[in-house]
Participant: 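Please read through the structure below; I'll follow up with questions.
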2 protein chains.
Amino acid sequence: MGVKNVQSSKYYKYAHASLLCSILVNAFLSYNLFVGKKWSLSWSTSAAAEAEAVASISCSGHGRAYLDSVVVDGKPVCECNTCYNGPDCSSFIPGCPSDVNSGDPLFLEPFWMQNAANSAVVVTGWHRMSYQFNDHTITSQELEKSIRKLHSIAGNAVTGGRYIVFGTGSTQLLNAAVHALSVDNSSTPSKVAYEAQTEFFATEDYKFYGDTSLYKNKSDDSMNVIEFVTSPNNPDGKLKRAVLNGPSAKAIHDHAYYWPHFTAIPSPSDEELMIFTLSKLTGHAGLRFGWALIKDKAVYERMLTYTDDNTFGVSRDSQLRALKLLKVVLEGDGRSIFKYAYETLRMRWESLSQTISLSTRFTIQELAPRFCTFFETIRGPSPAYAWLRCEREEDKLCYNVLKSGGIIGRDGIQYGASSRYVRLSLIKSQDDFDQLLYYLNKLVLQEAVAVRGDI
Amino acid sequence: MGVKNVQSSKYYKYAHASLLCSILVNAFLSYNLFVGKKWSLSWSTSAAAEAEAVASISCSGHGRAYLDSVVVDGKPVCECNTCYNGPDCSSFIPGCPSDVNSGDPLFLEPFWMQNAANSAVVVTGWHRMSYQFNDHTITSQELEKSIRKLHSIAGNAVTGGRYIVFGTGSTQLLNAAVHALSVDNSSTPSKVAYEAQTEFFATEDYKFYGDTSLYKNKSDDSMNVIEFVTSPNNPDGKLKRAVLNGPSAKAIHDHAYYWPHFTAIPSPSDEELMIFTLSKLTGHAGLRFGWALIKDKAVYERMLTYTDDNTFGVSRDSQLRALKLLKVVLEGDGRSIFKYAYETLRMRWESLSQTISLSTRFTIQELAPRFCTFFETIRGPSPAYAWLRCEREEDKLCYNVLKSGGIIGRDGIQYGASSRYVRLSLIKSQDDFDQLLYYLNKLVLQEAVAVRGDI
């Protein structure tokens with residue numbers, strides 16, 4: 001009995017410990033199931049598990065796998081950053097040039113990875129199958145509300161008394177705006193003047209007539225001119241105003257870069273027709289979502305009709321995801337993405353400037369510090385692009401000079417400038433920027449060596 | 001001691017039972033966490049819980065709430081079907097007319113609700129932020145593969161030797177196709193002839209010139225004509241062929257309805273340019289996703305350039321979701337959605353035909369049973385629309401006749417037909433169809449009463 005008692009006591013202790021342990025395990029699991037998730041998941045679990053499994057595929061920090069990546073051996077493969085390859089993107093490709101041609105806004109990808117939990121969206125199989133929302137429109141009311149709130153936080157645009165049209169990216173909205181501003185039944189088409197914006201226009205209502213400088217000093221008020229004002233400007237990041245006036249001059253303000261990421265915000269833009277895009281705000285270029293703020297009701301209606309006839313509005317899936325992303329942007333005081341984006345680009349600009357300052361061969365645009373109403377302080381530049389100039393007499397084809405130095409930029413000619421200029425994108429991935437800096441330092445070092453050689 | 005022993009024994013039993021119970025609970029929870037989900041979820045749980053919570057909002061089977069529904073008191077509200085209202089859509093609106101105007105394909109919504117688990121998608125915050133896919137295109141390779149597989153299962157189109165272009169809905173693709181087929185630098189624009197298809201065309205390369213019948217007997221081979229061939233036809237569901245021939249005649253085959261849902265498939269379509277849309281295949285009209293199968297490389301490239309310039313391709317989010325939906329469609333033998341859709345529409349057609357057969361005032365189009373290579377049998381009709389004709393001499397304005405009877409259709413005039421015709425949509429929700437049948441039966445009953453009155 002004594003022994004038994006001891007055994008019993010041992011068992012008692014064991015049982016006690018097991019029970020405690022079990023309770024703790026239960027508590028942990030229950031927490032996960034009912035508190036952590038606040039919901040016992042059912043039909044969504046397999047999709048969630050699939051997404052987490054794909055997200056957990058290791059691509060060495062130089063790539064990522066997506067749910068719709070190409071599948072090899074039943075598993076989505078890593079999609080590697082420009083200069084990396086191998087199954088897990090761990091191999092650096094020797095001699096790989098720095099490709100800083102495109103404005104692919106991947107610099108914001110780490111922000112979204114840090115916000116994995118609050119930025120994920122679960123889309124049900126039956127989500128918004130209809131052509132219309134419940135109010136018989138093709139636009140989400142909640143998304144429109146978020147956009148208005150966003151502008152009031154960023155302080156970059158007046159939304160009061162403005163209509164909003166959504167577009168499948170700002171490209172569609174620029175087309176819609178030109179269409180809407182063109183004069184109907186006019187014997188001559190409207191003229192479209194733009195500064196550094198290559199778009200697609202092929203209708204009978206309007207024609208592309210080149211740079212605004214062609215019109216600046218003309219006083220033909222009867223001519224219908226539509227001016228694109230890209231502010232901050234692409235490629236040089238400077239704030240711009242319309243240069244054409246007169247009763248027949250109309251402006252489309254492309255404000256893709258008018259966010260605290262890229263520029264000081266001196267005051268909210270209060271123009272007649274302003275176009276914004278998620279691509280350069282949250283970095284989701286692939287989502288194809290933009291919006292226009294429009295003062296005039298007739299112009300609003302014509303733009304709406306255009307997007308309606310062209311694509312029957314914006315994908316309801318894109319609208320849902322844009323809403324979720326903007327909810328994350330608006331979380332708390334709604335400032336975290338702006339701080340993240342500004343800090344990232346400011347540091348990139350400073351690194352670049354430091355390298356260029358050692359060079360006499362290359363210069364980049366000067367951008368003065370300026371008071372920003374968003375940060376409530378004078379802040380330095382953080383542009384999306386460097387507008388690089390080859391200063392040497394013989395370096396007339398700057399694009400080629402850089403290319404032979406391992407840097408693929410975009411020829412200044414594409415922006416109506418001379419071939420002495422090249423645009424370098426500073427908003428791609430950190431890998432891309434690191435590569436750019438590596439080759440630029442190398443070029444500048446060659447200068448120094450050459451100079452020493454001269455002595 | 002004895003007492004103690006008893007207590008101990010009692011406790012032992014209690015502990016034992018507790019432990020067993022606890023183990024079972026653990027097993028249940030662990031199963032849920034690690035087996036049921038095959039993954040211990042982390043960052044996706046809150047999004048999954050949010051989606052399930054919204055999906056569980058009761059709207060009485062006469063509506064549904066979405067993640068992006070209008071939020072009232074912190075909760076998304078129910079979006080009710082046409083004739084229902086109230087916070088949970090349980091109130092029928094007395095005297096509410098049957099709205100069967102639009103081709104909103106909500107008849108497939110129950111299919112997706114039944115496939116909740118396999119059709120859900122979890123989109124990460126960093127999903128495809130780039131403008132491009134990893135192969136530098138703007139289209140998902142996996143999605144293209146799924147589309148080719150789909151056509152081989154449905155047997156409705158030849159995909160071999162065809163290029164594929166994705167579009168933001170078939171609307172964009174129709175525009176792109178007209179653009180691509182129009183002759184460049186021609187002194188006269190191409191003429192666009194169509195049958196019952198209202199679209200938006202306003203460029204200098206092409207003009208809308210009305211019905212094909214205007215051209216049928218002309219022999220002017222030098223005229224560039226683009227013919228729209230909608231087959232099965234909207235509104236009457238009949239299979240169509242191009243009517244214009246000659247070296248300068250080009251056809252765009254709109255095959256939105258060429259699925260076993262709506263028609264017998266006599267053979268795979270082998271045309272030069274065929275356009276399909278997810279809207280009428282899976283019912284996801286709001287997703288804005290369509291595709292074109294194109295034989296000619298130059299036409300393919302021009303269409304690709306058009307979609308590229310117009311919207312920079314299709315939203316990567318829409319492509320991801322389309323891929324997931326097609327995966328469900330292709331599951332197993334890839335026949336379940338076709339069976340579901342056909343059965344639903346066949347039953348609707350039979351109910352409608354039965355009602356109409358009692359009437360002399362109204363007729364609907366005749367569609368003969370036909371051998372279908374997909375179902376490998378002769379099958380009856382299951383069209384998307386009824387093409388109703390008012391037969392009475394005085395019922396010249398058929399739309400008004402139906403409207404005063406509580407049915408809102410679409411006036412035949414919109415399809416280039418006479419106002420004796422009205423299109424009735426049979427692909428909306430079950431509520432919409434039930435309403436249609438209710439009012440139609442009422443109208444037919446009035447006839448019978450009137451006839452008895454005559455006697």
Side-chain angles (χ1 to χ4, degrees), chain A residues 8 15 22 25-26 29 37-39 41 43-49 51-52 55 68 70 79 104 109 112-113 115-117 119-126 128-131 134 140-142 168-169 171-172 200 202-204 283-288 309 311-312 315-318 320-321 323, chain B residues 8 15 22 25-26 29 37-39 41 43-49 51-53 68 70 79 104 109 112-113 115-117 119-126 128-131 134 140-142 168-169 171-172 200 202-204 283-288 309 311-312 315-318 320-321 323:
Chain A
S8 172
S22 184
V25 172
N26 270 352
L29 294 170
K37 295 161 200 172
K38 294 193 188 92
W39 194 271
L41 298 178
W43 54 264
S44 67
T45 48
S46 57
E52 293 209 7
D68 56 359
V70 170
E79 303 190 5
D104 227 359
E109 198 182 58
W112 295 104
M113 288 182 165
N115 282 278
S119 63
V121 194
V122 175
V123 188
T124 61
W126 65 91
R128 290 218 180 277
M129 295 175 65
S130 173
Y131 286 104
N134 211 33
S140 159
Q141 282 182 48
E142 291 295 310
T168 305
T171 318
Q172 187 183 35
F200 130 99
T203 93
E204 62 188 3
H284 293 82
L287 187 59
R288 314 307 308 127
D309 289 345
T311 57
F312 213 84
S315 161
R316 317 311 177 243
D317 284 62
S318 297
L320 171 65
R321 184 138 178 260
L323 176 65
Chain B
S8 172
S22 185
V25 172
N26 271 352
L29 293 170
K37 293 161 200 170
K38 295 193 189 92
W39 192 272
L41 298 177
W43 54 262
S44 68
T45 48
S46 58
E52 292 208 6
D68 57 357
V70 170
E79 303 190 5
D104 227 359
E109 198 182 57
W112 295 104
M113 288 182 166
N115 283 279
S119 64
V121 193
V122 175
V123 189
T124 61
W126 64 92
R128 290 216 179 275
M129 295 175 64
S130 174
Y131 285 103
N134 211 34
S140 160
Q141 282 183 46
E142 290 295 311
T168 306
T171 319
Q172 187 184 34
F200 130 99
T203 92
E204 62 188 4
H284 293 83
L287 187 58
R288 314 308 307 125
D309 290 345
T311 57
F312 212 84
S315 163
R316 316 315 176 240
D317 283 61
S318 296
L320 171 67
R321 185 139 176 259
L323 176 65

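What you are looking at is a predicted structure, and each value in this text was computed from that prediction instead of being measured. Just so it is clear: chains get the letters A, B, ... in the order the sequence lines come, proteins before strands, and each one is counted from 1.
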Participant: Which pair of non-hydrogen atoms, one from A120(A) and one from W43(B), has the smallest distance, and what is that distance?
Facilitator: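 Distance-wise, the nearest heavy atoms are CB-CZ3, 4.0 Å.
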Participant: Is the backbone N or O of L287(A) less than 3.5 Å from a side-chain atom of S315(B), with the two atoms forming a donor-acceptor pair by type?
Facilitator: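 Present.
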Participant: Between the main-chain N or O of R316(B) and the side-chain N or O of R288(A), is there a donor-acceptor pair closer than 3.5 Å?
Facilitator: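 Checked: no pair found.
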Participant: Which region of D104(B), side chain (C-beta onward) or backbone (N, CA, C, O), has a non-hydrogen atom less than 4.5 Å from a non-hydrogen atom of chain A, or is it both or neither?
Facilitator: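 Looking at D104(B), backbone and side chain both touch chain A.
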Participant: Flag the one option from Q172(B), E79(B), R128(B) with the top tally of heavy-atom pairs under 4.5 Å to chain A.
Facilitator: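 It is R128(B).
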Participant: Can you confirm whether L41(A) sits close enough to L41(B) that some side-chain heavy atom of one is under 4.5 Å from a side-chain heavy atom of the other?
Facilitator: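 Yes, close enough: below the 4.5 Å cut-off.
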Participant: Please look at L323(B) and chain A and tell me whether the side chain, the backbone, both or neither of the residue comes under 4.5 angstrom of a heavy atom of that chain.
Facilitator: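 Side chain only.
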Participant: Tell me the closest heavy-atom pair linking E142(B) and V70(A), and the distance in Å.
Facilitator: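 Heavy-atom minimum between the residues: OE2-CA, 3.3 Å.
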Participant: What heavy-atom pair brings G125(B) and H284(A) nearest, and what distance separates the two atoms?
Facilitator: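 In terms of heavy atoms, the two residues are closest at O-NE2, 2.6 Å.
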Participant: Heavy atoms only, distances under 4.5 angstrom: which of L320(A), N115(A), T124(A) has the most pairs with chain B? Name it, please.
Facilitator: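 Max contact count across the listed options: L320(A).
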Participant: Looking only at non-hydrogen atoms, find the nearest pair between W126(B) and W112(A) and report the distance.
Facilitator: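 Nearest heavy atoms, W126(B) then W112(A): CE3-O, 3.7 Å.
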Participant: Between A51(B), S130(B), A116(B), which has the largest tally of heavy atom pairs under 4.5 Å with chain A?
Facilitator: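 Top option by heavy-atom pairs under 4.5 Å: S130(B).
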Participant: Heavy-atom pairs under 4.5 Å with chain A: which of S318(B), G283(B), G169(B) has the most?
Facilitator: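 The answer is G283(B).
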Participant: Among S119(A), G286(A), A117(A), who wins on heavy-atom pairs under 4.5 Å with chain B?
Facilitator: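 Of S119(A), G286(A), A117(A), G286(A) has the most heavy-atom pairs under 4.5 Å with chain B.
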Participant: Are T311(A) and T171(B) packed together at the side-chain level, in the sense that at least one heavy-atom pair is separated by less than 4.5 angstrom?
Facilitator: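 T311(A) vs T171(B): side chains apart.
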Participant: Would you say the side-chain atoms of E109(B) pair up with the backbone N or O of M129(A), donor to acceptor, closer than 3.5 Å?
Facilitator: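 Such a contact is absent between E109(B) side chain and M129(A) backbone.
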